[in-house]
Amino acid sequence: QVQLAESGGGSVQSGGSLRLSCVASGNTASPYCVAWFRQAPGKAREGIASIDKDGGTAYADSVKGRFTISKDNAKNIYHLQMNGLKPEDTAMYYCAADLMGLDYCSTMRLGLFGYWGQGTQVTVSA
C-alpha cells in the first residue's frame with residue numbers, strides 16, 4: 001500500500017503559477033503510476049496528468065503546454081507545475097496512484113486508481 005499527501009494549493013490570479021506536491025509514503029518501492037486529477041464543483045473528477053514508472057508522461061488537452069508533472073525519485077515526491085492558470089482551472093486537485101501497465105497509466109481512467117490523497121484546493125480568479 002501507499003499513502004499520498006498533497007500540498008501547494010492556494011489562490012492565484014489568472015495567468016499565475018502554482019506548484020503542487022504529492023508525497024508518497026509506505027510501499028514506495030513498487031512501480032506505481034501516479035496521476036493528478038481535479039474536480040470542480042458540480043463536475044466529474046478528471047485526470048489531467050500522469051507519470052509512469054519509466055517517467056513517461058501524459059496530459060489532458062485542457063492542460064497540455066501549461067502543466068508539467070514530474071517526480072523526485074529520491075524523495076518520493078511528485079510535482080505538478082501549473083503555469084498560465086485560468087479561472088476554469090479552479091478545482092480540488094488530487095494525487096492518485098496504483099500499479100498498472102504503461103499503456104493504462106496514460107489513459108488516466110478514474111477506476112484504475114485505488115490510492116488517493118485528501119486533495120488540495122486551487123482557486124484562480126479572473
Closest contact, heavy atoms only, [X] versus [Y]:
X	Y	result
Ala126	Ser14	CA-CB, 4.2 Å
Gly9	Thr120	N-OG1, 3.1 Å
Ala24	Leu4	CB-CD2, 3.9 Å
Phe113	Trp116	O-NE1, 2.9 Å
Met108	Ala49	SD-N, 3.2 Å
Asp52	Lys71	O-NZ, 3.2 Å

Test item: [X] and [Y] side chains (from C-beta on) under 4.5 Å apart, heavy atoms:
X	Y	result
Phe37	Cys95	no
Lys53	Leu102	yes
Glu6	Leu20	no
Asp98	Leu112	no
Leu80	Thr68	no
Met100	Tyr32	no

(request) Return yes if some donor-acceptor pair links the side-chain N/O of Thr123 with the main-chain N/O of Ser11 below 3.5 Å, else return no. (result)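 No, because the side chain of Thr123 does not come within donor-acceptor range (under 3.5 Å) of the backbone of Ser11.
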(message) Using only atom types and a distance under 3.5 Å, with no angle test, would you say the side chain of Asp54 pairs donor to acceptor with the backbone of Gly56?
(response) no
Atom [atom1] in [X], atom [atom2] in [Y]: separation rounded to 0.5 Å?
X	Y	atom1	atom2	value
Met92	Lys43	CE	NZ	15.5 Å
Gln1	Thr28	CD	OG1	13.5 Å
Ile51	Tyr78	CD1	OH	7.5 Å

(request) Give the C-alpha distance, both sets of side-chain angles, the deciding distance and a yes or no for side-chain contact (heavy atoms from CB on, under 4.5 Å) between Ser50 and Tyr59. (result) CA-CA 7 Å; Ser50 69; Tyr59 298 92; over 6 Å; no
(request) Can you run down the side-chain hydrogen bond (donor to acceptor under 3.5 Å, both in side chains) pairs that involve residues 83-96, sequence neighbours left out, and say none if there aren't any? (result)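 Listed by first then second residue: Ser17-Asn83, Arg38-Asp89, Arg38-Tyr93, Arg66-Asp89, Gln81-Asn83.
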Step through the shown structure and confirm whether more than 12 heavy atoms of other residues, nucleotides or ligands are within 6.0 Å of [atom1] on [X].
X	atom1	answer
Asp103	CG	no
Tyr115	OH	yes
Gln13	CD	no

(message) According to a hydrophobic-cluster definition based on side-chain heavy atoms being under 4.5 Å apart (Ile, Leu, Val, Met, Phe, Trp, Tyr only), do Tyr104 and Ile69 belong together?
(response) no
(request) Please go through Val23's hydrophobic cluster and name the other residues, only I, L, V, M, F, W, Y counting, with side-chain heavy atoms under 4.5 Å joining them. (result)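 Members alongside Val23: Ile77.
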(message) Apply side-chain contact (heavy atoms from CB on, under 4.5 Å) to residues Glu46 and Trp36 and explain how you reach the verdict.
(response) CA-CA 9 Å; Glu46 60 169 345; Trp36 285 93; over 6 Å; no
(message) Could you tell me if Ser21 and His79 have a donor-acceptor pair between their side chains, going purely by distance under 3.5 Å?
(response)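 Their side chains do contain a donor-acceptor pair, which is all the 3.5 Å distance test asks for.
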